[in-house]
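To start, the structure under review is shown below, and the notes come after it.
In listed order, ligands and their atoms are each counted from 1. Note that the structure is predicted; figures quoted are calculated from it, not measured. Residues take their numbers from the sequence shown, with the count starting at 1. The figures that follow rest on heavy atoms only: side chains count, while hydrogens, waters and symmetry mates do not.
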Amino acid sequence: MAKELEGFNFEQRHGKARVRVGRVWRSKDGCRHFMVEWNVNISLLSNCVAAYVRDDNSDIVATDTMKNTVYVKAKECSEQLSAEEFAILLGKHFTSFYPQVFTARVKIVEKPWERISVNGQPHEHGFKLGSEKHTTEAIVQKSGVLQLTSGVEGLSLLKTTQSGFEGFIRDKYTALPETRERMLATEVTASWRYSYESVSSIPQKSLYLNEQYLNVKKALVDAFFGPPERGVYSASVQSTLLQMAKAVLGRFSDISSVKLKMPNIHFLPVNISSKDHGSIVKFDDDVYLPTDEPHGSIEASLSRFWSKM
Ligand SMILES: O=c1[nH]c(=O)c2[nH]c(=O)[nH]c2[nH]1
């Protein structure tokens, strides 16, 4: 919220970034362990302009206190919960406990620890790090109004065929040949906004938002690849991105918008020739030079007409 200050517009917020917390829960018999590792970012909008203008810190929630609160609340959560639920819980705490705080924004990135299997059997307390990360952001107002976004980060996908790029603008700067046969590789960053506008409207089912995260991720991946045997042709990253976004909004009625960032990570055809021996390596859709620098950067968002992005 902007404030008029000595003839200027002034906006401020403060918080604690990168608070790392690990939490373990045990089954009733104590044998099976469940764990999460979260990186929590808190940002509070509060009435503390006096600290900026008058050296008066009396309305400041110390960022050190915010950090401690993460551990206190993690301790209090005796049942396993999703990153979304924890973000909401923290947001509710800051906005209800402190009269000065009117909005809390809590972002969490969850490390992809996955239960390991040994000889095909899920281990009771062993985990290994997977690849893509589960993200979430909860913006909680003092009134109880909620904006909830979830997402995935670092979801690397690649297909070796069923991709092309044709019909683009050709001019004196253009060297790229048209093709109906290329590799398609990307690292998806996606975020989707839930339509729940208050904490009480979220389904109470335990870990519902973790399930939803896995379902959305599956919808994105399935749309990227198509059926296992035939796949699905991609006319561009742009076209595939829209198919993926539509799959999410088509399938999940509690999601009002989705944002996708999909770099085009190039696998360049390798052709090598020498003056003496002519062609040494002739590209036949087989040998590539993978490179992520430079890469194409393609992003778009899709929302329902009535959604607030
Ligand atoms: O799928 C693509 N989209 C582009 O916009 C683009 N530009 C480019 O050089 N290659 C590609 N591929």
Side-chain angles (χ1 to χ4, degrees), residues 112 130-135 149-193 213-252 255-273 279-305 307 309:
S131 45
E132 68 275 6
K133 293 174 179 159
H134 177 179
T135 62
T149 308
S150 293
V152 62
E153 219 176 76
L155 177 62
S156 292
L157 305 177
L158 176 154
K159 56 182 193 166
T160 50
T161 187
Q162 286 281 50
S163 161
F165 189 56
E166 300 172 287
F168 49 88
I169 297 169
R170 297 210 79 85
D171 53 41
K172 63 180 181 179
Y173 304 105
T174 308
L176 186 72
E178 307 206 358
T179 183
R180 289 188 67 79
E181 182 62 52
R182 67 172 184 175
M183 191 93 104
L184 183 60
T186 187
E187 189 185 305
V188 180
T189 305
S191 61
W192 52 92
R193 167 116 183 243
Y213 165 73
L214 294 174
N215 292 337
V216 174
K217 202 166 66 168
K218 182 177 183 322
L220 290 169
V221 168
D222 289 356
F224 179 87
F225 290 115
E229 279 170 6
R230 280 180 297 108
V232 61
Y233 183 72
S234 163
S236 62
V237 175
Q238 285 87 338
S239 158
T240 297
L241 182 153
L242 180 61
Q243 293 310 314
M244 292 162 75
K246 286 205 301 204
V248 173
L249 291 192
R251 225 154 292 175
F252 305 101
I255 293 176
S256 56
S257 65
V258 56
K259 203 187 280 182
L260 285 168
K261 215 167 126 176
M262 291 177 48
N264 188 7
I265 297 173
H266 306 300
F267 277 69
L268 306 175
V270 171
N271 282 296
I272 303 174
S273 56
S279 173
I280 302 173
V281 179
K282 187 173 177 338
F283 181 67
D284 190 22
D285 297 314
D286 49 2
V287 179
Y288 302 82
L289 173 67
T291 177
D292 50 13
E293 227 179 59
H295 61 72
S297 83
I298 290 139
E299 50 187 284
S301 61
L302 187 70
S303 53
R304 301 186 200 282
F305 266 126
S307 102
M309 273 299 284

**Asked** Quick one: CD1 on Ile272 to CD1 on Ile280, what's the gap to the nearest 0.5 Å?
**Response**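 Reported to 0.5 Å precision, the distance equals 6.5 Å.
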**Nearest non-hydrogen protein atom, atom 12 (N) of ligand 1** =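 Scanning the protein heavy atoms, the shortest distance from atom 12 (N) of ligand 1 goes to Arg182 NH1, 3.1 Å.
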**Message:** Tell me the protein heavy atom at minimum distance from atom 4 (C) of ligand 1, and give that distance in Å.
**Reply:**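 Protein heavy atom at minimum distance: Phe165 CZ, 3.3 Å.
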Proximal ligand 1 atoms for [X], defined as those under 4.0 Å from one of its heavy atoms:
X      : answer
Ser236 : 1 (O)
Leu176 : 8 (C), 9 (O), 10 (N)
Asn264 : 2 (C), 10 (N), 11 (C), 12 (N)

**Asked** For the residue pair Phe267 and Tyr288, does the interplanar ring angle fall in the parallel (under 30°), tilted (30 to 60°) or perpendicular (over 60°) class?
**Response**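 Taking Tyr288 first and then Phe267, their aromatic rings stand perpendicular (interplane angle over 60°).
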**Prompt:** Applying a 4.0 Å heavy-atom criterion (strictly less than), which segment of His295 is in contact with ligand 1: side chain, backbone, both, or neither?
**Reply:**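 The answer is neither; His295 stays 4.0 Å or more away.
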**Request:** Taking atom NZ of Lys159 as the centre, report whether more than 12 heavy atoms of other residues, nucleotides or ligands fall under 6.0 Å from it.
**Result:**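 Buried by this count: over 12 neighbours within 6.0 Å.
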**Item:** Derivation and outcome, salt bridge (charged side-chain N to carboxylate O under 4.0 Å, His left out), residues Lys259 and Glu299
**Value:** CA-CA 8 Å; Lys259 203 187 280 182; Glu299 50 187 284; over 6 Å; no
Under 3.5 Å: N/O of [X] near N/O of ligand 1:
X      : result
His266 : no
Val237 : yes
Gln238 : yes

**Request:** For residues 220-230, pull every pair meeting salt bridge (Lys or Arg N to Asp or Glu O under 4.0 Å), keeping only residues two or more places apart or in separate chains.
**Result:**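 Qualifying pairs: Lys218-Asp222.
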**Prompt:** Under a 4.5 Å cut-off applied to non-hydrogen side-chain atoms, are Asn264 and Leu184 in contact?
**Reply:**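 When only atoms from C-beta onward are counted, Leu184 and Asn264 do touch, with a gap below 4.5 Å.
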**Prompt:** Between the side chains of Arg182 and Ser163, does any donor sit under 3.5 Å from an acceptor?
**Reply:**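 Yes, a side-chain donor-acceptor pair sits under 3.5 Å.
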